[in-house]
Protein chains: 2
Amino acid sequence: MPDVKHFDPEVTLDQVVALFWQRGAEVTGIADVVAATGLSRSSLYATFGGKAQLQAAALGRYLERQSRPVFEALAADGRGLPAIAAFFERLVAARCSGVHARWGCLVTNTHATANGGLSEIREVLERHHDALRAAMRAALEAARTKGQLRAGLDVGAAAEALTLQAYAVNLRSRAGAEAGVLLAGVRAVLDGFATTGER
Amino acid sequence: MPDVKHFDPEVTLDQVVALFWQRGAEVTGIADVVAATGLSRSSLYATFGGKAQLQAAALGRYLERQSRPVFEALAADGRGLPAIAAFFERLVAARCSGVHARWGCLVTNTHATANGGLSEIREVLERHHDALRAAMRAALEAARTKGQLRAGLDVGAAAEALTLQAYAVNLRSRAGAEAGVLLAGVRAVLDGFATTGER
DNA sequence: CCTATCTTGGAACGACTATTCCAAGATAGG
DNA sequence: CCTATCTTGGAATAGTCGTTCCAAGATAGG
């Protein structure tokens with residue numbers, strides 16, 4: 001009997017992700033969301049329920065659509081250290097050039113801003129961190145079986161270090177850091193994990 | 001002839017730094033500044049000139065008072081790798097416990113938020129980055145003369161890597177990361193730079 | 001003490017914020 | 001076609017934003 005939605009919530013969420021990602025969720029108003037999505041305040045509030053929940057939904061969608069596929073590709077890539085190097089090369093390229101150049105990473109940006117926000121937002125941050133670190137660890141363990149890793153390397157600590165390095169790449173790229181400088185930093189860390197002479 | 005200021009602008013700036021640092025500059029209103037400093041809007045605008053300029057002034061003061069002394073101590077510390085390790089141990093401790101626990105770093109936080117802000121803010125970000133990387137480089141060169149570094153290590157790239165690692169520590173600490181996890185990540189990077197068996 | 005000059009408190013400003021509300025429109029089962 | 005039920009557009013809400021303004025207060029040279 002009832003009426004049905006005149007729009008696709010997932011498409012709307014993608015537009016909101018782009019908005020929050022580029023300009024920041026805190027400084028983006030509902031009026032901006034209305035203008036970008038083309039739908040009305042009523043539909044927005046009826047579907048998502050408010051700005052904080054909209055932000056959490058957008059953050060969750062970013063994790064699933066932008067981050068997760070890349071993390072899974074890294075975890076499934078059996079090449080070892082070259083897989084990690086390729087991950088960072090594509091990361092730096094995406095952060096410094098192309099459509100999303102200088103946007104940083106929505107999750108990384110949220111780290112600095114989400115102070116008293118919803119607990120759901122904090123949970124997405126943690127999910128993101130765990131997923132990336134797990135993917136890094138999987139790639140490092142593949143590297144270990146191939147004999148690419150230095151003897152005595154703590155794989156868990158190394159995975160954390162690389163995850164931290166990725167956050168910093170996201171952060172500095174938004175402030176205008178050069179791709180070459182970021183890549184050199186990443187490579188120095190990776191070289192330190194490799195067996196002498198490897199890579 | 002004229003009247004003189006009834007307050008100390010530097011003390012006020014310190015209070016503003018604390019406010020912006022803990023809660024974020026974007027979400028902190030002038031009303032909050034008025035409440036925290038105890039002075040009126042007139043004095044605030046007459047002295048600093050507006051919120052954007054107040055933010056730039058607070059950011060600059062943070063760099064000079066909080067960051068610079070630590071960077072200079074690192075650059076002057078001749079111990080090499082132990083000096084860098086000590087830097088990170090004090091950093092993690094300051095970020096995860098004590099008065100400023102979970103505040104992160106004002107400069108790091110600003111990286112994620114300052115998008116279309118004053119160009120002066122961007123310049124402070126760059127000054128901060130250059131100062132930290134130079135200090136890291138000085139400490140690494142001290143390590144080199146002491147034979148602590150792996151053969152073939154690019155000192156410039158390593159300094160950039162450690163600087164990025166520091167940013168990530170600041171970022172993740174604000175989101176609640178455990179001190180032990182952060183330290184383990186840092187140590188993995190440092191161990192990768194050292195001669196085998198060192199540290 | 002007087003007065004020129006600055007500072008201060010606090011009211012007022014328009015523009016924005018997120019959110020709510022309701023009448024009008026759209027839908028689909030009966 | 002009818003009607004119950006949802007959605008939609010858009011006006012209206014109360015509150016906060018950064019900023020401005022001016023009368024009243026404070027200062028120190030003359």
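Here the structure is a predicted model, which means the values were calculated and not measured. To find a chain, count down the sequence lines: A is the first, B the second, and so on, and within it residues start at 1.
One interatomic measurement links the two molecules: OH of B:Tyr45 to P of C:dA11, which rounds to 17 Å at whole-angstrom precision. In this structure, B:Leu44 atom CG and C:dC6 atom P are separated by 20 Å, rounded to whole Å. Atoms CG (B:Leu39) and C1' (C:dT8) sit 10 Å apart, rounded to a whole Å. As rounded to whole Å, 15 Å separates atom P of D:dC17 from atom CD of B:Gln55. Put simply, CD1 on A:Ile30 is 13 Å from C1' on C:dT20, counting in whole angstrom units. One interatomic measurement links the two molecules: CZ of A:Phe7 to C1' of D:dT7, which rounds to 9 Å at whole-angstrom precision. Taking atom CG of A:Asp3 as the reference point, atom C1' of D:dG9 lies 13 Å away to the nearest angstrom. In this structure, the CG atom of A:Leu54 is 12 Å from the C1' atom of C:dA18, given to the nearest Å.
Judged purely by atom type and a 3.5 angstrom limit, A:Asp32 uses its side chain to pair as donor or acceptor with the backbone of A:Gly29. Between the side chain of A:Glu141 and the main chain of A:Val155, no donor-acceptor pair closer than 3.5 Å is present. The backbone N or O of A:Gly192 lies less than 3.5 Å from a partner atom in the side chain of A:Arg150, making a donor-acceptor pair.
Taking 4.0 angstrom as the limit, A:Ser40 places none of its side-chain polar atoms (N or O) nearer than this to OP1 or OP2 of D:dT8. Residue A:Ser43 places at least one side-chain N or O under 4.0 Å from the OP1 or OP2 atom of D:dT8.
Using N1 to N3 plus N6-O4 or O6-N4 for Watson-Crick, or N1-O2 and O6-N3 for G-U wobble, each under 3.5 Å, C:dA11 pairs with D:dT20. When Watson-Crick and G-U wobble pairs are counted only if both distances are under 3.5 Å, C:dG29 pairs with D:dC2. Base pairing analysis places C:dT19 opposite D:dA12; the two distances defining the Watson-Crick or G-U wobble pair are each below 3.5 Å.
Going from atom CH2 of A:Trp103 over to atom CZ of A:Arg23 covers 10.0 Å, rounded to the nearest 0.5 Å. Considering NE2 of A:His128 and OH of A:Tyr62, their distance stands at 6.5 Å, rounded to 0.5 Å.
Scanning atom types as modelled, one donor and one acceptor separated by under 3.5 angstrom connect the side chain of A:Ser42 and the base of D:dG10. For B:Arg41 and C:dT8, a side-chain-to-base donor-acceptor distance below 3.5 Å is absent, hydrogens and geometry of angles not being considered.
Across all strands, A:Thr28 comes closer than 4.0 Å only to sugar-phosphate atoms, never to a base (heavy-atom distances).
For A:Pro2, the side-chain atoms get nearest to D:dC6 when compared with the rest of C:dA18, D:dC6, C:dT8. Nearest to the side-chain atoms of A:Lys5 among the listed nucleotides D:dA28, C:dT8, D:dT8 stands D:dT8.
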